[in-house]
Amino acid sequence: MNVIYYSADQDHATWVPGLQAALPHAQVRLWEPGAPLADYAVVWKPPQQLLDEQTDLRAVFNTGAGVDALMKLQLPAGVPVVRLDDAGMSVQMAEYVCHTIIRHFREFDGYETDMGNGKWSFRKPRSRIDYPVGILGLGVLGERVARAVAQFDFPVNGWSRSPKTLPGVNSFTGEAELGAFLAASRILVCLLPLTPDTEDLLNAERLSQLRPGGYLINVARGAHVVDADLLALLDSGHLAGATLDVFRVEPLPKGHPFWAHPRISLTPHTSARTLRSESIAQIAGKIAAMQRGEAVAGVVNTTLGY
Ligand code: NDP
Ligand code: OXD
């Protein structure tokens, strides 16, 4: 069995030996143009050339949860695309989102500034009921985040394509209920996949539907948000702030207005990292299962794009 690995970002010097150790009966090699035909490809943002040349693939494994980069390519017909299925990401995402919500809700930035200025003063405690959290996307990551946020007694709303029954989460479904979901939320967390249906979803019209003093946390993909509309709503005061982990162009270009905005906090696409050992173990386990003819979890619906 032959396995190829390619990543536009990750370190092949550790992934190739890691996959080889987990698949001792396979030959694992770094993909280069002209590489011998493989049975499985393990990839992150591969070039079209890889898929065009590799005509014998039985499956393509994505070393991330989001498959938007792969969905832009011409995929080989009938070859399953398998996403990373949690593999240690959901707990990281829950940490990141809860941290951000609590930092905003408890005004810790303000306290840090005050204490830094030698000022000992208190702010009026806020009521959780005034800070309902809306989570766009209740999939592998969104569900874990929703459960974690609900543990802190915030009212939680969730939006997905299909209805969900999750303890402590009000479920809103589809385009028809998006307006009601936004109007019921003040802190908005984006955990949607990037698809033609969700690109530019968070525009002026939709972000204005959030309760006044809204707060955006985007941990999904930069292209969910219309940058200029977000900036205008921050500047008008309708939105109190935003924390952004993902951007239309990454790294965020020098001079982009997000860098210097006083009410935007930035992180460099790090809210839920691909953890190498967990991911390799998961992918190797699924390759072994496929070799035995078993079904595996995390197969992407290429029609829906996630
Ligand atoms: P999943 O595919 O498991 O879940 C996607 C969720 O979005 C589902 O609940 C789905 O609804 C919902 N959804 C999709 N399209 C629509 C639509 N048109 N209308 C309403 N709901 C919709 O994804 P994950 O939770 O694993 O990951 C979400 C995204 O997070 C990834 O695609 C990726 O972009 C991003 N990500 C970011 C990382 C980072 O470090 N910043 C790390 C990892 C992922 P339904 O359940 O009904 O199908
Ligand atoms: C992912 C990501 O989709 O890292 O896994 O963004």
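We count residues from 1, following the sequence as given. Counting convention: from 1, in listed order, for ligands and their atoms alike. All values below were derived from every heavy atom in this structure, side-chain atoms included, with hydrogens, water molecules and symmetry-related copies excluded.
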Legend entry - Nearest protein heavy atom with distance in Å, relative to atom 6 (O) of ligand 2: His269 NE2, 2.6 Å
Inset, instruction - Report yes or no: do Trp44 and Val28 belong to one cluster of Ile/Leu/Val/Met/Phe/Trp/Tyr joined by side chain heavy-atom distances under 4.5 Å? - result: no
Legend entry - Numbered atoms and elements of ligand 2 in range of Trp44, under 4.0 angstrom, heavy atoms: 1 (C), 2 (C), 3 (O)
Inset, instruction - Could you tell me whether Thr274 and ligand 2 have an N or O pair separated by under 3.5 Å? - result: no
Legend entry - Top protein contact for atom 3 (O) of ligand 2, by heavy-atom distance: Gly66 N, 2.7 Å
Legend entry - Check: Lys45 side chain, Asp9 main-chain N or O, donor-acceptor pair, under 3.5 Å: no
Inset, instruction - Fit a plane to each ring of Phe172 and Phe181, take the angle between them on a 0 to 90° scale, and name the class: parallel (under 30°), tilted (30 to 60°) or perpendicular (over 60°). - result: perpendicular
Inset, instruction - Check whether any side-chain heavy atom of Gln54 lies under 4.5 Å from a side-chain heavy atom of Trp31, and answer yes or no. - result: yes
Legend entry - Sub-4.0 Å atoms of ligand 2 with respect to non-hydrogen atoms of Met89: 5 (O)
Legend entry - Ala65: numbered ligand 2 atoms lying under 4.0 Å from its heavy atoms: 1 (C), 3 (O), 5 (O)
Legend entry - Ring geometry between Tyr131 and His104 (parallel below 30°, tilted from 30 to 60°, perpendicular above 60°): perpendicular
Legend entry - Neighbouring residues of ligand 1, heavy-atom cut-off under 4.0 Å: Ala65, Gly66, Arg83, Met89, Met93, Gly137, Leu138, Gly139, Val140, Leu141, Gly142, Trp159, Ser160, Arg161, Ser162, Lys164, Leu191, Leu192, Pro193, Asp197, Thr198, Val219, Ala220, Arg221, Asp245, Val246, His269, Ser271, Ala272, Tyr306
Inset, instruction - Give a yes or no on whether Leu234 and Tyr215 share a hydrophobic cluster (residues Ile, Leu, Val, Met, Phe, Trp, Tyr; joining criterion: side-chain heavy atoms under 4.5 Å apart). - result: no
Inset, instruction - Determine yes or no for a side-chain-to-main-chain donor-acceptor pair under 3.5 angstrom, with Glu143 supplying the side chain and Val140 the backbone. - result: no
Legend entry - Minimum heavy-atom distance Ile280-Ala22, with the two atoms named: CG2-CB, 3.7 Å
Inset, instruction - State yes or no: do Leu191 and Met89 share one hydrophobic cluster built from I, L, V, M, F, W and Y residues joined by side-chain heavy-atom distances below 4.5 Å, directly or via other members? - result: yes
Legend entry - Atoms in ligand 2 flagged as close to Arg221, the criterion being non-hydrogen separation under 4.0 Å: 1 (C), 2 (C), 3 (O), 6 (O)
